[in-house]
2 protein chains.
Amino acid sequence: MSKKKPTIIDIAHATGLSKSLVSRALAGKAGVGEESRTRILETADRLGYKRNTWATSLVKGSSHMIGVIATDIASTYRLEVITGVEDAAAEAGYTALLAHGRRDPEVLAERLAQMHSLGVDGVVVVSSRMPSGPLSAVARSTPIVIVGRPAEAPVGVDLIHNDDETGGALATQHLIDIGHTRIGFVASSQRAAIRAREQAWRDTLAAAGLSDDFLLRRQNEEDLAQRTMNELVLSDDPPTALVASTDGLAAAIVGAAQDRGLVVPDDLAVVGYNNSSLSTQLRPQLTTVDQPRHEMGKLAVEMILERLAGRTTDRVTVAEPRLVVRDSSSTSVPATPTTVHRDANNAPATPSG
Amino acid sequence: MSKKKPTIIDIAHATGLSKSLVSRALAGKAGVGEESRTRILETADRLGYKRNTWATSLVKGSSHMIGVIATDIASTYRLEVITGVEDAAAEAGYTALLAHGRRDPEVLAERLAQMHSLGVDGVVVVSSRMPSGPLSAVARSTPIVIVGRPAEAPVGVDLIHNDDETGGALATQHLIDIGHTRIGFVASSQRAAIRAREQAWRDTLAAAGLSDDFLLRRQNEEDLAQRTMNELVLSDDPPTALVASTDGLAAAIVGAAQDRGLVVPDDLAVVGYNNSSLSTQLRPQLTTVDQPRHEMGKLAVEMILERLAGRTTDRVTVAEPRLVVRDSSSTSVPATPTTVHRDANNAPATPSG
DNA sequence: CTGAAAGCGCTTACAG
DNA sequence: CTGAAAGCGCTTACAG
């Protein structure tokens, strides 16, 4: 059974000094006799004393903790955002506390309430699915920044997200640049970020005079790769390249294509989004769009510190993504299975590396 | 700027009732007049009141929180263990709080100290890298269970891990069963779990009268897939199948093999460990060993509750893994590039699916 | 059903 | 340099 934890009073008794003095010594404050100090520290060590955070926070009114709530923690992207938060927090003398929210808005809201009553000094929400109501309510007393792109910007909450418009354009333009003219977009959700990428895809195609016919949108990833095969890739009028809304979806599409004997990128080029670890584990490795996620995590903490320092206006920070070209998009134009509607394009004939 | 949070006293003033009564009403206790109760609840709601966890925990001496410390959160395996912990905790009226430990033992120890002074009622360590000293120290006052297989069992700490011996044997025997006789093992670390898998591989080979010459061990994954190619697969005397210590390593090996134009499983069969999401995202999909991870997370909480209820003896729980056969190991024997030392084996000639 | 009082472990002016 | 006292927000016997 667990023994009772030693308190400051125990140390005071053991050393014969007052608890005030013990408290000061333990906090490393000046104005404590050298002898007393060492005696206190030694005794504390011997007793295995750990400061009771509850009591300290209660009296100080601040926990020096920053809460982080994330949906679906098992993601390279989120992990690095979290790491960024941790690093920046540590640097500022804060510690980060995580909560795992799942995708359910209710669970997310519950986690937020938990963080709130835990008394964290700020919270970083790495999700675009947190409901606005609870968010704005908590934001009245605790700074919140969302890393992600919620459907609507909650009042009193800061935002930081990558420039999905630029990212989507980067991906699409890359495919145009290497000679593709039949470029599709597959979306596994209707989140704002995804919609922005889709719009960028459409705009980029339009600027190049290309068709945006190849579009597939679903509310979740279930079977989406299969449908992509059946409804787009294996149709009579197939695209030669696809922009997928995320790496996970891109991976599923590559897998489904390979299952059908197609060669990526020769038969189908695929570009993902997020530069997840998956993108280098697959063969071919995935061309994808990288977000400055560690940086975004650090920025989130900075924005919280600004609020804590007195800023009252809402702030939105947009980070620039960059394209990472790998093997799932080759520099050669595919030998299309069925050569229909093919525009006159000067595609380089370089074989895929 | 953040406003001050409303307290029980604010509600007491607003309703004209005493703070004792407000506290009782808020806690949902009996013995509060119906009218008072509704008035209090409404006022609390209107003011946006959230109970101050610090104060409550301080007076109750328990936070009803269970801390979870994990290395490298971005893993399907760990995520599911964590989810299991969360589910079981919620069921028992506790909430789970995560800390992200990285692989560094010092950082891990720091997180443990943080959890300890946060006053959690128990901690689940999902890592085998947490140093024993800090572990035993904290265990004197707070129940701890490790999900994983540490080098040495820390005194006063409970353990739960999968049966790596069985898992390793399952993987190896499967390769023997489908006709392989030249089966290697590649290890990316020297952790106890990995060593146990390696020993099981050796024992299983010995029982079948096969050689355990094909072995490669390194302290980390850096370049290990490349070395596996150079030192084993592309040698004059290559194995036809490999058991990898983890799915991540297996994926890297499959990738490196494919980069060299080899076909998995025809030229080389590969089996991983952990049934990570990666194993179904790759092509071919990975044969692997699955741990009952959600169950392990739940068990961890149960073991903590046992300690809290009075158990003082250390307990070790071993969970049974199972083999998941996928395409990276086919039922056909490979057409070995160099046919050396090949025993008379009745391998089925079924082509790989 | 309701309220006054004590106390959880710690910190911080305020005296000495 | 050291100590006594008050208070952080909440809960819980103890009275009424």
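Just so it is clear, the structure is predicted and the values come from calculations on it, not from any experiment. Residue numbers begin at 1 in each chain, while the letters A, B, ... track the order of the sequences.
Atom CH2 in A/W54 sits about 14 Å away from atom C1' in D/dT11, given to the nearest Å. Taking atom CG on B/L47 and atom C1' on D/dG9, their separation rounds to 15 Å, with Å as the unit. If you take CD of B/E35 and C1' of C/dT2, they are 13 Å apart, rounded to a whole angstrom. Atom NE2 in A/H13 sits roughly 12 Å away from atom P in C/dG9 (whole-Å rounding). The distance between atom NZ of B/K19 and atom C1' of D/dC8, rounded to the nearest whole Å, is 11 Å. The nearest whole Å value for the distance from the CG atom in B/L17 to the C1' atom in C/dG3 is 10 Å. Regarding A/K50, its NZ atom lies at a distance of 13 Å from the P atom of C/dC10, rounded to whole Å.
The side chain of A/I8 sits closest to C/dT11 out of D/dC10, C/dT11, C/dG3. Nearest to the side chain of B/V32, among C/dT2, D/dT2, C/dT11, sits C/dT2. Considering only the side chain of B/K60, D/dT11 comes nearest among C/dT11, C/dT2, D/dT11. Among the nucleotides C/dC10, C/dG9, D/dT12, the one closest to any side-chain atom of A/L58 is C/dG9.
Nucleic acid contact class of B/S20 (heavy atoms, under 4.0 Å, all strands): base. Across all strands shown, B/G31 has heavy atoms under 4.0 Å from base atoms, whether or not it also approaches the sugar-phosphate. B/S57 comes within 4.0 angstrom of no nucleic acid atom, judged by non-hydrogen atoms across all strands. Among the atoms of the strands shown, base atoms are found under 4.0 Å from some heavy atom of A/S23. The residue B/R24 sits close to a base: some heavy atom pair falls under 4.0 Å.
Between the side chain of B/S18 and the base of C/dA4, no donor-acceptor pair of N or O atoms lies under 3.5 Å.
Within the 3.5 Å criterion, the main-chain N or O of A/N274 finds a donor-acceptor partner in the side chain of A/R293.
The residues B/D72 and B/R129 are annotated as not salt-bridged, no charged nitrogen and carboxylate oxygen being separated by less than 4.0 angstrom. A salt bridge is absent between B/K5 and B/D10; no separation between the charged side-chain nitrogens and carboxylate oxygens falls under 4.0 Å.
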